[in-house]
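Some notes on the structure that comes next.
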Amino acid sequence: MAKCKSGRCGCKARIVSNVIQNMQGNGTCIDVCTNPIRETPKVLSIMAPLIYDEIGINLCTTFPVGADLSTAYPTAVSATARVLNVSYTYGDGNVMIETITGRPNCFVVTLSNLSVQFAVNLYDANGRLLGTVYPETTYLPPEITDATYDEDTNPTSVELEIFAPYGISYDTAGDTPAPNIHYVGFSLENNYVRQGLNLYAMAKVLGLGTDDNAITVGLTLVLQSLYFAGYRVESIGKINTPKGSLIAPDNSSCLRFVAGDLLDLAIKPLELGPPLCEEMYKEECKMPCTLQCGVGAIDDTIVLPGITAGQPENPDTTGNTGTTN
């Protein structure tokens, strides 16, 4: 077979990983390309999303709940909220990402004008779900005249410094790549993490106004830098997936018994008399114990077969040796 000796011929070099090459050359003749190894690995090589830095803030504001509670949900007395999505744009007065001068591994992220959409569940006094509404409001409004603005709980903007040693992600859809922050939420488009900067949010209802149809929601925003990296981790085997049962709950115990093993008398009968002397076990033995059983009984010791009083003669000999009081 002709071998490629120079770049002038049409041969292509085939590169094989060192792992596969060593397995084929160690005398075992294992070719994973034709015979994959089937056993539980001791170590897993995984690609994991690792958080390098994160920082969070708390905000709070009051906004319309998005429904006439007295008409649509007259028995509503409480609510819970979950963040579905946070949308924003980039530029002055919105979200900005800037490298810190002289500190290339860190960035300043300015958050402003965040449009937050919630899924708000409404409940009655007995905790029954009445319905779900989906209000949307602005956190960190760009203007102090905004209805949700508050100098202390919901200012116009915040600046967060974050350590991102491998850089940030970019949106390359336009003519010029632009810095990007990915929001991790619960919609079909954003329920995953990306390499670079990620933003996620959690909500807590602090008050529900049934008279003015308003809701007060505290919002936690967390900014994190995340990168994928390969790691080796110890494995203790695959997970055991629990199996669901089609048996009706009312009859499950009886059906399981009928389909199960037969009952059996499992308690051991005593072997009365020498050499085990198990009848002695029924006695309450208070020190000193004078019961004697078997051969070679001593003052306060019950000597059972295979057990000698005191220390064994040969300490290296294993077996049923020693003293039983």
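Only a predicted model underlies this, so the values are computations on that prediction, with no experimental measurement involved. Computed from heavy atoms alone, side chains included, the values below leave out hydrogens, waters and symmetry copies.
Ring to ring, Tyr52 and Tyr166 are close: their centroids are under 6.0 angstrom apart.
A distance of 7.0 Å separates CG of Leu140 from OG of Ser157, quoted to the nearest 0.5 Å. In this structure, CG on Asn121 lies 4.0 Å from OG1 on Thr80, to the nearest 0.5 angstrom.
At least one donor-acceptor pair under 3.5 Å links the side chain of His182 to the backbone N or O of Tyr192. Tyr90 places a side-chain N or O within 3.5 Å of a backbone atom of Ile181 that can act as its donor or acceptor partner. One N or O on the side chain of Thr153 and one on the backbone of Cys60 form a donor-acceptor pair closer than 3.5 Å. Counting only distance, with no hydrogens or angles, the side chain of Asp150 and the backbone of Asp152 share a donor-acceptor pair below 3.5 Å.
For Pro141, the side-chain contact (heavy atoms from CB on, under 4.5 Å) criterion is met by Thr138, Asp146, Thr148, Tyr149, Asn154, not counting sequence neighbours. For Glu159, there are no side chain to side chain donor-acceptor pair (under 3.5 Å) partners two or more places apart in sequence or in a different chain. Residues meeting the side chain to side chain donor-acceptor pair (under 3.5 Å) test with Thr75, sequence neighbours left out: none.
Leu206 and Val217 fall into different hydrophobic clusters, where Ile, Leu, Val, Met, Phe, Trp and Tyr side chains are chained together by heavy-atom contacts under 4.5 Å. A single hydrophobic cluster is not seen to contain both Phe107 and Ile51; linkage of ILVMFWY side chains at heavy-atom distances under 4.5 Å, directly or through other members, places them apart. When the side chains of ILVMFWY residues are joined at heavy-atom separations under 4.5 Å, either directly or via intervening members, Met202 and Ile215 end up in two distinct hydrophobic clusters. Hydrophobic clustering keeps Phe118 apart from Tyr123 (ILVMFWY residues linked when any side-chain heavy atoms are closer than 4.5 Å, directly or through intermediates). Connection of Leu223 to Tyr139 is established within a shared hydrophobic cluster, with ILVMFWY side chains joined at heavy-atom distances below 4.5 Å, either directly or through further cluster members.
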- Task: Evaluate the criterion side chain to side chain donor-acceptor pair (under 3.5 Å) for residue pair Ser115 and Glu136; output intermediate values, then yes/no.
- Result: CA-CA 7 Å; Ser115 180; Glu136 191 168 350; 2.6 Å; yes
- Message: Please evaluate residues Ile57 and Leu160 with respect to the criterion side chain to side chain contact (heavy atoms under 4.5 Å, CB included), reporting the C-alpha separation (whole Å), side-chain torsions for both, the decisive distance (0.1 Å), and the verdict.
- Response: CA-CA 9 Å; Ile57 58 169; Leu160 305 177; 3.7 Å; yes
- Output, in order, the C-alpha distance, side-chain angles, deciding distance and verdict of side chain to side chain contact (heavy atoms under 4.5 Å, CB included) for Val65 and Val133. CA-CA 7 Å; Val65 74; Val133 293; 4.1 Å; yes
- Message: Could you walk me through whether Val95 and Tyr88 satisfy the side chain to side chain contact (heavy atoms under 4.5 Å, CB included) test, starting with their C-alpha distance in whole Å, then the side-chain angles of each, then the deciding distance to 0.1 Å, before giving a yes or no?
- Response: CA-CA 7 Å; Val95 174; Tyr88 39 85; 3.8 Å; yes
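The neighbour count for Leu129 CG, taken as heavy atoms of other residues, nucleotides or ligands under 6.0 Å away, is above 12. In this structure, Leu44 places its CG atom where more than 12 heavy-atom neighbours from other residues, nucleotides or ligands lie under 6.0 Å away.
Looking at Pro64 and Asn213, their side chains never come closer than 4.5 Å, going by heavy atoms from C-beta outward.
Across all their heavy atoms, Leu59 and Pro155 have their closest contact at CD2-CD, 4.1 Å. Residues Pro179 and Ile97 share a closest heavy-atom pair of CB-CD1, 3.8 Å.
Inspection of the Thr89 and Asn94 side chains reveals an N or O donor paired with an N or O acceptor under 3.5 Å. Using a 3.5 Å distance cut-off with no hydrogens or angles, the side chains of Asn85 and Ser187 do not pair a donor with an acceptor. Judged purely by distance below 3.5 Å, without hydrogens or angles, the side chains of Ser225 and Asp53 never pair a donor atom with an acceptor atom.
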